[in-house]
Amino acid sequence: MRRPVKRVLPLAAGLLLLASGCEGKDVPGTPALPAASASEPSPSAGESDVPAYGAPKVDNPLEVGDLVQRPCTALTDAQVTELLGSDTTEKEENVTGPACSWHSYGSEGAFIAVGFPTVNDLGLTALYRGKGQQFQFFKEMPPVRGLPAVAWGQVDDTKTQGRCGVSIGITDRSTMDATVTLSDKNIGKKDPCEATHDVLDMVVGNLQGGN
């Protein structure tokens with residue numbers, strides 16, 4: 001059963017990072033979309049500054065239309081059921097930018113979030129700048145339908161928590177982010193970064209009409 005949408009008032013970015021480090025994946029709505037500069041906000045860069053720090057250029061920007069205003073339409077009902085089962089809840093929020101999260105109930109504890117961070121206009125450059133410093137976990141991923149992708153985090157939670165965040169450059173100055181937390185039984189058995197990559201592929205495919 002698809003449970004009703006909950007709307008959440010914006011919170012301070014620091015609260016998001018604090019909450020996302022907590023245990024209890026069974027709690028619906030666990031924050032899972034830390035933004036690249038949530039703990040260290042950055043001023044806008046000049047037009048000539050991006051891409052920089054080794055970040056790839058977005059050769060074919062993705063038009064997201066009104067998805068930013070309606071992030072819970074990023075995945076179809078059928079896709080959410082395929083990924084999480086039929087007993088799920090979804091929550092639209094705006095912490096570091098428009099986002100939507102989906103959570104499976106019961107002992108499985110799987111979680112998906114998709115968002116559009118607005119804390120800066122540096123795109124993937126913000127992530128590459130923090131590589132090995134703010135972001136100790138950093139792994140370039142295969143492109144998502146031609147869009148550059150990178151998995152990242154302040155620490156590596158992939159094996160211990162079954163959680164991974166991946167960002168794709170949709171323009172040189174903006175990203176689409178997704179986070180997946182695997183169900184308890186899949187932690188250590190499946191790669192959460194690959195699962196997150198697959199979720200982004202679904203969202204881009206929906207936008208391009210290719211799914």
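Keep in mind that this is a model prediction, so the values were computed, not measured.
Residues satisfying the side-chain contact (heavy atoms from CB on, under 4.5 Å) test with Asp59, not counting sequence neighbours, are Lys57. Every side-chain contact (heavy atoms from CB on, under 4.5 Å) that Glu140 has, sequence neighbours left out, goes to Tyr128, Phe138. Evaluation of the salt bridge (charged side-chain N to carboxylate O under 4.0 Å, His left out) rule for Lys190 yields no partner, not counting sequence neighbours. In this view, Thr196 satisfies the side-chain hydrogen bond (donor to acceptor under 3.5 Å, both in side chains) rule with no residue, not counting sequence neighbours. Shown here are the side-chain contact (heavy atoms from CB on, under 4.5 Å) partners of Asp66, two or more places apart in sequence or in another chain: Gln69, Arg70. Partners of Phe137 by ring pair (Phe, Tyr, Trp, His ring centres under 6.0 Å), not counting sequence neighbours: none found. Thr125 pairs by the side-chain hydrogen bond (donor to acceptor under 3.5 Å, both in side chains) definition with nothing, not counting sequence neighbours. Asp198 meets the salt bridge (charged side-chain N to carboxylate O under 4.0 Å, His left out) test with no other residue; sequence neighbours excluded. Every side-chain contact (heavy atoms from CB on, under 4.5 Å) that Val155 has, sequence neighbours left out, goes to Asp157.
Val180 and Ile112 get closest at one heavy-atom pair: CG2-CG1, 4.2 Å. Nearest heavy atoms, Thr118 versus Gly97: OG1-CA, 3.7 Å. Of all non-hydrogen atoms in Thr179 and Gly165, the two that sit nearest each other are OG1-CA, 3.8 Å. Smallest separation of non-hydrogen atoms from Ser104 and Gly109: OG-N, 3.7 Å. Of all heavy-atom pairs spanning Pro192 and Thr158, the tightest one is CG-O, 3.6 Å. Across all non-hydrogen atoms, the minimal contact from Pro142 to His197 is O-NE2, 2.8 Å.
The closest side-chain heavy-atom distance from Pro148 to Val58 is below 4.5 Å. Counting heavy atoms from C-beta on, the side chains of Asn206 and Gln79 come closer than 4.5 Å. Considering only heavy atoms from C-beta on, Trp152 comes within 4.5 Å of Ser167 through its side chain.
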Item to complete: Just do the side-chain contact (heavy atoms from CB on, under 4.5 Å) check on Leu147 and Leu200 with the steps written out, would you?
Response: CA-CA 10 Å; Leu147 300 168; Leu200 285 167; over 6 Å; no
Item to complete: Please step through side-chain contact (heavy atoms from CB on, under 4.5 Å) for the pair Gln136 and Asp156, ending with a clear verdict.
Response: CA-CA 7 Å; Gln136 293 297 312; Asp156 185 353; over 6 Å; no
Discussion item. Applying side-chain contact (heavy atoms from CB on, under 4.5 Å) to Glu90 and Val80, what does each step give before you reach the verdict?
Written reply: CA-CA 10 Å; Glu90 71 178 25; Val80 173; 5.7 Å; no
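Side-chain atoms of Asp201 never come within 3.5 Å of backbone atoms of Val144 as a donor-acceptor pair (strictly under, hydrogens ignored).
Here the OH-CG distance, from Tyr105 to Asp87, works out to 7.5 Å after rounding to the nearest 0.5 Å. To the nearest 0.5 Å, the span separating CH2 on Trp102 from CG on Leu84 amounts to 9.0 Å. Taking CD1 of Ile170 as the reference point, atom OG1 of Thr175 lies at 6.5 Å (rounded to 0.5 Å). Rounding to the nearest 0.5 angstrom, the gap separating the CG atom in Leu83 from the CG atom in Leu75 is 6.5 Å. Interatomic distance, CG of Leu207 versus CE of Met176, reported as 5.5 Å (0.5 Å rounding). To the nearest 0.5 Å, atoms CG (Leu62) and OG1 (Thr171) are separated by 9.5 Å.
Applying the disulfide (SG to SG under 2.5 Å) rule to pairs touching residues 122-171 yields Cys164-Cys193, sequence neighbours excluded.
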